[in-house]
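Reviewing the structure listed below.
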Amino acid sequence: MLLSRYFLPILKENPKEAEIVSHRLMLRAGMLRQEAAGIYAWLPLGVRVLKKIEAIVREEQDRSGAIECLMPTIQSADLWRESGRYDDYGKEMLRIRDRHERDMLYGPTNEEMITEIFRSYVRSYRDLPLNLYHIQWKFRDEVRPRFGVMRGREFLMKDAYSFDVDAEGARAAYNRMFVAYLRTFDRLGLKAIPMRADTGPIGGDLSHEFIILAETGESAVFCDRSLLELPIPAADTDFRSDLSPIVSAWTEPYAATDEMHDEAAFSALPEERRMSARGIEIGHIFYFGTKYSDPMRARVTGPDGQERPVHMGSYGIGVSRLVAAIIEASHDDAGIIWPDSVAPFDVGLVNLKPGDAVTDEVVDGLASRLEGAGLEVLQDDLDQRAGAKFATMDLIGLPWQVIVGPKGAAKGEVEIKRRATGERQALGLDAALARLVQGRAR
RNA sequence: CGGGGCAUAGCGCAGUCUGGUAGCGCACCUGCUUUGGGAGCAGGGGGUCGCAGGUUCGAAUCCUGCUGCCCCGACCA
């Protein structure tokens, strides 16, 4: 992609409305445009990141055995009257009316709808377990949206819903999502820690918030440092096997947000393992039993011939929020530092002297070889000074920069720079290419 | 939803107290010079001063109402 043909509206100055670093950087890097309070248009660079995150979330959901579908953003109020939540949900729900004066709403979540779909088709325990998910925009009319997409009103969310014949099965479904989440966040370059969350009236131990540590986090968290060292389940994990040993290993060490914090238990830890920090919630998994299947009569017949309401759980990941969360966890004074897996482009290829025949030739040749090797390249062909080019590249945070100037080009040499470390290296063309392809393969 | 603040060019701001017909920096356009960390000089374009009323010879400026946005708190993926 040629930068001269791309749409990348960089801001040199900080927009005054942006308080936290991720919001500021997303606006400055031309990823995002606010259209109303808590409502944003995603510009090309932002969309690229959003799609990469979405793809990783999807792969890990699929791997765990969940099945993708897509439910609408607009729902009928009648569904919500059935579960009793139409009145309970309050002003956070955006209520609208169609031309026939029917009550509709912009969905804040999809438990009712998925339950309605499930009950229309599934009758027998033989069709279970089942986990359906979708990745769809939601709307919650927050009183006070803030922090950019971290707390917007419209947001992209992955929500999965599990159906099982009994609590035992539901626990296994819960464990599958738990493991899928560990893998997902790891692939996104994040250290996510599952923390016991409030289960409300259902009770039990089956609700966890996945929290990443960041100085700008919204809530205080307390945990055992050993959690940072636990191994992530491998890609070939068998999701049909018993996953409870993995879940136990991750849930036994102490970890809690301030609402669930138990100072006594925390103090019992050895001093050097106690960690108190701030965190951002990026995922939440929840078992809620028959809360919806009961009133909505979503029932299956068990092996004993008895009909019973299915046991359900729901599992959310804030996809659009993750874009901001990743930036909160990975940036410096100059700008964003994208993890390789979600970077909008793999390589920023900087032509320091467009119009110089030799430099142009080296840059164009390198661009096609890199693209031929499957890398995504943003080629800076603008007629700007070197300093401005470097500042732009650092701001948008592509993992690798390749800098080509006329002197180096004449010697068949380019400089590659790793954004995360700032480390630079002058290499011949073949060596540079090999280094970048290898970097991507990781 | 309580408390506070802001609204003037694409972005960041001054001008408002004390009314006289709008300005600075960045960005943008033209030209020349410059060229490895957000260049310099010269010239140029762009604003019904958030909206609606009112006061006045005259309103960005004073008065009234409205709208939008931001921050703190309570609430939440």
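Numbered from 1 within each chain, the chains take letters A, B, ... in sequence-line order.
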Under 4.0 Å between a Lys/Arg side-chain N and an Asp/Glu carboxylate O for [X] and [Y]?
X: A/Arg146; Y: A/Glu19; result: no
X: A/Lys91; Y: A/Asp141; result: no
X: A/Asp103; Y: A/Arg81; result: yes
X: A/Arg419; Y: A/Asp340; result: no
X: A/Arg140; Y: A/Glu154; result: no
X: A/Arg418; Y: A/Glu423; result: no

Rounded to the Å, how far apart are [X] [atom1] and [N] [atom2]?
X: A/Asn351; N: B/G36; atom1: CG; atom2: P; result: 14 Å
X: A/His23; N: B/C71; atom1: NE2; atom2: P; result: 8 Å
X: A/Leu395; N: B/A27; atom1: CG; atom2: C1'; result: 15 Å
X: A/Asp380; N: B/G38; atom1: CG; atom2: C1'; result: 13 Å
X: A/Glu259; N: B/A74; atom1: CD; atom2: P; result: 11 Å
X: A/Asp383; N: B/G31; atom1: CG; atom2: P; result: 12 Å
X: A/Asp356; N: B/G36; atom1: CG; atom2: P; result: 13 Å
X: A/Lys16; N: B/A14; atom1: NZ; atom2: C1'; result: 13 Å

Just to be sure I understand the rule, does [X] reach a base, reach only the sugar-phosphate, or reach nothing, if contact means heavy atoms closer than 4.0 Å?
X: A/Ala386; answer: sugar-phosphate
X: A/Glu19; answer: sugar-phosphate
X: A/Thr392; answer: base
X: A/Asp159; answer: nothing
X: A/Lys417; answer: base
X: A/Leu11; answer: nothing
X: A/Lys407; answer: nothing

Can you tabulate the close N/O pairs, meaning under 3.5 Å, that link protein atoms to atoms of nucleotides 75-77 of chain B?
unit_1: B/C75; atom_1: N4; unit_2: A/Arg146; atom_2: NH2; d: 2.8
unit_1: B/C76; atom_1: O2'; unit_2: A/Glu142; atom_2: OE2; d: 3.4
unit_1: B/C76; atom_1: O2; unit_2: A/Arg151; atom_2: NE; d: 2.7
unit_1: B/C76; atom_1: O2; unit_2: A/Arg151; atom_2: NH2; d: 3.1
unit_1: B/C76; atom_1: N3; unit_2: A/Arg151; atom_2: NE; d: 3.4
unit_1: B/C76; atom_1: N3; unit_2: A/Arg151; atom_2: NH2; d: 2.2
unit_1: B/C76; atom_1: N4; unit_2: A/Arg151; atom_2: NH2; d: 3.2
unit_1: B/A77; atom_1: O3'; unit_2: A/Glu281; atom_2: OE1; d: 2.6
unit_1: B/A77; atom_1: O3'; unit_2: A/Glu281; atom_2: OE2; d: 2.4
unit_1: B/A77; atom_1: N6; unit_2: A/Gly152; atom_2: O; d: 2.4

Residue matched to [N] through Watson-Crick or wobble contacts both under 3.5 angstrom:
N: B/A14; value: none
N: B/C41; value: B/G31
N: B/G46; value: none
N: B/C62; value: B/G54
N: B/G2; value: B/C72

If we take the [atom1] atom in both [N] and [M], what is their distance in whole Å?
N: B/G20; M: B/C1; atom1: P; value: 39 Å
N: B/U35; M: B/G50; atom1: C1'; value: 43 Å
N: B/C17; M: B/C62; atom1: C1'; value: 11 Å

Run the salt bridge (charged side-chain N to carboxylate O under 4.0 Å, His left out) test on A/Arg321 and A/Glu218 for me, step by step, so that the C-alpha distance in whole Å, both residues' side-chain angles and the decisive distance to 0.1 Å come before the verdict.
CA-CA 13 Å; A/Arg321 160 178 272 206; A/Glu218 62 216 318; 3.3 Å; yes
To the nearest 0.5 Å, tell me how far A/Asp159 CG sits from A/Gln61 CD.
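Reported to 0.5 Å precision, the distance equals 9.5 Å.
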Going by modelled atom types, is there a donor-acceptor pair between the base of B/G38 and the side chain of A/Gln384 at under 3.5 Å?
no
Does the base of B/G38 carry an N or O that pairs as donor and acceptor with the side chain of A/Arg28 under 3.5 Å?
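Looking at the base of B/G38, it does pair with a donor or acceptor on the side chain of A/Arg28 (distance under 3.5 Å).
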Centroid-centroid distance, A/Tyr174 to A/Tyr287, less than 6.0 Å
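Aromatic pair excluded; centres sit 6.0 Å or further apart.
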Under 6.0 Å between the ring centres of A/Tyr161 and A/Phe286?
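No, the ring centres sit 6.0 Å or more apart.
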Side chains of A/Tyr133 and A/Asn131: is there a donor and an acceptor less than 3.5 Å apart?
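No, A/Asn131 and A/Tyr133 have no side-chain donor paired with an acceptor closer than 3.5 Å.
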Contact list (N/O, under 3.5 angstrom) for nucleotides 32-34 of chain B vs protein:
unit_1: B/U34; atom_1: O2; unit_2: A/Arg385; atom_2: NH1; d: 2.7

Could you list, one pair per line, each protein nitrogen or oxygen that sits under 3.5 Å from a nitrogen or oxygen of nucleotides 23-26 of chain B, together with the distance?
unit_1: B/G25; atom_1: N2; unit_2: A/Glu13; atom_2: OE1; d: 2.8

Starting at the 5' end of RNA chain B and moving along, which residue's nearest nucleotide shows up first, A/Ala36 or A/Pro15?
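Result: A/Pro15.
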Closest contact, heavy atoms only, A/Pro354 versus A/Leu382
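Scanning both residues, the minimum pair turns out to be CG-O, 3.3 Å.
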Among B/G12, B/C69, B/C1, find the nucleotide with the atom closest to the side chain of A/Gln34.
B/C69
Residue from A/Arg85, A/Glu112, A/Glu116, A/Arg119 passing side-chain hydrogen bond (donor to acceptor under 3.5 Å, both in side chains) with A/Tyr292:
A/Arg85
Exam field: side chain A/Gln136 to backbone A/Met71, donor-acceptor pair closer than 3.5 Å:
yes
